[in-house]
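Small disclaimer: the values here were computed from a predicted structure and weren't measured. Throughout, numbering of the chain's residues begins at 1 and tracks the sequence.
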Amino acid sequence: MNLSILIPLLNEEESLKELYTWIIQVMQSNNYSYEIIFLDDGSTDDSWNIIEGFAQENPNVKGVRFMKNFGKSQALHAGFAKAKGDVIITMDADLQDSPEEIPGLYEMIVNGKYDLVSGWKKKRYDSVVAKNLPSKLFNWAARKTSGVELNDFNCGLKAYKNVVVKNIEVSGEMHRYIPVLAKNAGFGKIGEKVVQHQARKYGETKFGMERFINGFLDLITIWFLSRFGKRPMHLFGAMGSLMFIIGFMLAGYIGISKLYHMYNDMRYSLITNNPWFYIALTTMVLGTQLFLAGFLGEIILRTKNNEERYKVSNEVNFL
């Protein structure tokens, strides 16, 4: 199978018919073998009934429906597990991503030998203040922190080799950082393609300004996990040991200094009257806590269970 097209959605009943018709036209004109997987993230409108209608008339259309809204990352995780195509395309359901871009993305994966190609909406039709400027700042920070040179991490239109999506773990709200996850998994050939951005035709965006705040927090998380996720003791243990040693040496110096003064009949004060005593004590306590944090992190990594992060209520056209 040439293509698996994954479409996560939440309450997009107005745009689904137009999007479906458009994708089918592109598939037929390019003679692709394909599957379209709609990933309904707990829609409360008529979206699922529309998807079931598509599936009845076209066996290449498949659907997964969550019991409630679990998030875009969880939807993509479910889609990646189901996808069978040689190339996987992800796109949003709001018609802001053009299906006409699919052949170009497919060619870059197949003939350009890329592991992953991310869309870049160079010219956008969103609000400059509410979306464009925060997005530029976010993308700059993501590039500097991750080392992945992409201009648009947030673009939902991306193409992947099948092997890539089968070897990355998308959780939380990490869908923004799939290229970083791919890089950390060993897939180094990551490209970018300028794609057309279309103004939203129906409804309202499901993402507010909070997504940028969450995005920066997730960026810190993925930076930490990429470096210390498999070895937390290397960070917390090292910091804890260093702080404990510094505190212990300070305490030793204070104690030896008092004994020296006592031995030579020099004037001295109670150790507890010395502010350095409390600095030393605090440093040793913090050092011990950091060391224990690293130790507990190692234990958790070795005993954790991979719990199911979402509940599926319905599936269509999956064997």
I'd like to know whether [atom1] of [X] has more than 12 heavy-atom contacts from other residues, nucleotides or ligands below 6.0 angstrom.
| X | atom1 | answer |
| --- | --- | --- |
| Phe318 | CZ | yes |
| Trp22 | CH2 | yes |
| Phe295 | CZ | no |
| Lys84 | NZ | no |

Check whether any side-chain heavy atom of [X] lies under 4.5 Å from a side-chain heavy atom of [Y], and answer yes or no.
| X | Y | answer |
| --- | --- | --- |
| Asp152 | Asn154 | yes |
| Met27 | Ile5 | yes |
| Thr288 | Leu292 | yes |
| Asn58 | Ile24 | yes |
| Leu157 | Glu101 | yes |

Please enumerate all residues that pass ring pair (Phe, Tyr, Trp, His ring centres under 6.0 Å) together with [X], with sequence neighbours excluded.
| X | result |
| --- | --- |
| Phe187 | none |
| Phe80 | Tyr160 |
| Phe54 | Tyr20, Phe38 |

Full working for side-chain contact (heavy atoms from CB on, under 4.5 Å) between Phe244 and Val285: CA-CA 7 Å; Phe244 185 87; Val285 170; over 6 Å; no

Side-chain ion pair, Lys161 and Asp115, N-O less than 4.0 Å: yes

Please round to the nearest 0.5 Å and tell me the distance separating atom [atom1] of [X] and atom [atom2] of [Y].
| X | Y | atom1 | atom2 | answer |
| --- | --- | --- | --- | --- |
| Leu3 | Asn60 | CG | CG | 11.5 Å |
| Ser98 | Ile23 | OG | CD1 | 10.0 Å |
| Leu16 | Ser47 | CG | OG | 5.0 Å |
| Ile109 | Asn162 | CD1 | CG | 11.0 Å |
| Arg65 | Ser313 | CZ | OG | 5.0 Å |
| Asn30 | Ile102 | CG | CD1 | 9.0 Å |

Worked verdict on Leu39 versus Ile37 for side-chain contact (heavy atoms from CB on, under 4.5 Å): CA-CA 6 Å; Leu39 304 160; Ile37 304 178; 3.7 Å; yes

Side chain to side chain donor-acceptor pair (under 3.5 Å) between Asn2 and Ser33, intermediate numbers included: CA-CA 5 Å; Asn2 299 133; Ser33 57; 3.1 Å; yes

Please give me the minimum heavy-atom distance between [X] and [Y], naming the atom from each residue.
| X | Y | answer |
| --- | --- | --- |
| Leu6 | Gly79 | CD1-C, 3.7 Å |
| Leu19 | Pro99 | CD1-CG, 4.0 Å |
| Ile51 | Leu9 | CD1-CD2, 3.9 Å |
| Cys155 | Val195 | SG-CG2, 4.3 Å |
| Asn167 | Ala185 | O-CB, 3.8 Å |
| Glu192 | Glu149 | OE1-O, 4.4 Å |

Listed partners of Asn31 passing side chain to side chain contact (heavy atoms under 4.5 Å, CB included), at least two apart: none

Pairing residues for Ser257 by the side chain to side chain contact (heavy atoms under 4.5 Å, CB included) criterion, not counting sequence neighbours: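 Side chain to side chain contact (heavy atoms under 4.5 Å, CB included) check on Ser257 returns His261.
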
Inter- and intrachain pairs under ring pair (Phe, Tyr, Trp, His ring centres under 6.0 Å), touching residues 85-104, at least two apart: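 Checked against ring pair (Phe, Tyr, Trp, His ring centres under 6.0 Å) - neighbours excluded - no pair reaches residues 85-104.
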
Residue pairs passing the salt bridge (charged side-chain N to carboxylate O under 4.0 Å, His left out) test where at least one lies in residues 253-268, sequence neighbours excluded: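 The answer is none; no pair qualifies.
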
Contact list for residues 35-51, test salt bridge (charged side-chain N to carboxylate O under 4.0 Å, His left out), sequence neighbours left out: Glu35-Lys62

Just by distance, do the side chain of [X] and the backbone of [Y] share a donor-acceptor pair under 3.5 Å?
| X | Y | result |
| --- | --- | --- |
| Lys189 | Gly112 | yes |
| Ser4 | Ala83 | no |
| Ser29 | Val26 | yes |
| Lys17 | Glu14 | no |
| Thr21 | Glu18 | no |
| Glu52 | Val316 | no |

Evaluation steps, side-chain contact (heavy atoms from CB on, under 4.5 Å), between Asn151 and Arg143: CA-CA 8 Å; Asn151 290 285; Arg143 284 195 299 274; 4.0 Å; yes

Determine whether [X] and [Y] fall in the same hydrophobic cluster, where Ile, Leu, Val, Met, Phe, Trp and Tyr are linked whenever their side-chain heavy atoms lie under 4.5 Å apart.
| X | Y | answer |
| --- | --- | --- |
| Val165 | Val163 | yes |
| Met284 | Leu286 | no |
| Val110 | Tyr34 | yes |
| Leu242 | Phe236 | no |
| Trp276 | Met243 | no |

Met249: hydrophobic cluster co-members (side-chain, 4.5 Å): Ile245

Tyr32/Tyr106 aromatic ring centres below 6.0 Å: yes

Solution key, residues 86-93 side-chain donor-acceptor pairs under 3.5 Å, sequence neighbours excluded:
from	atom 1	to	atom 2	distance (Å)
Thr90	OG1	Gly156	O	2.9
Asp92	OD1	Lys72	NZ	2.9

Aromatic plane relationship, Phe70 with Phe66 - under 30° parallel, 30 to 60° tilted, over 60° perpendicular: perpendicular

Partners meeting side-chain hydrogen bond (donor to acceptor under 3.5 Å, both in side chains) with Trp120 (sequence neighbours left out): none

Trace of the side-chain contact (heavy atoms from CB on, under 4.5 Å) decision for Lys158 with Val117: CA-CA 6 Å; Lys158 291 182 172 65; Val117 178; over 6 Å; no

Those residues that, when tested against Glu315, pass salt bridge (Lys or Arg N to Asp or Glu O under 4.0 Å) (two or more places apart):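 Once residues adjacent in sequence are excluded, the partners of Glu315 under the salt bridge (Lys or Arg N to Asp or Glu O under 4.0 Å) criterion are Lys82.
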
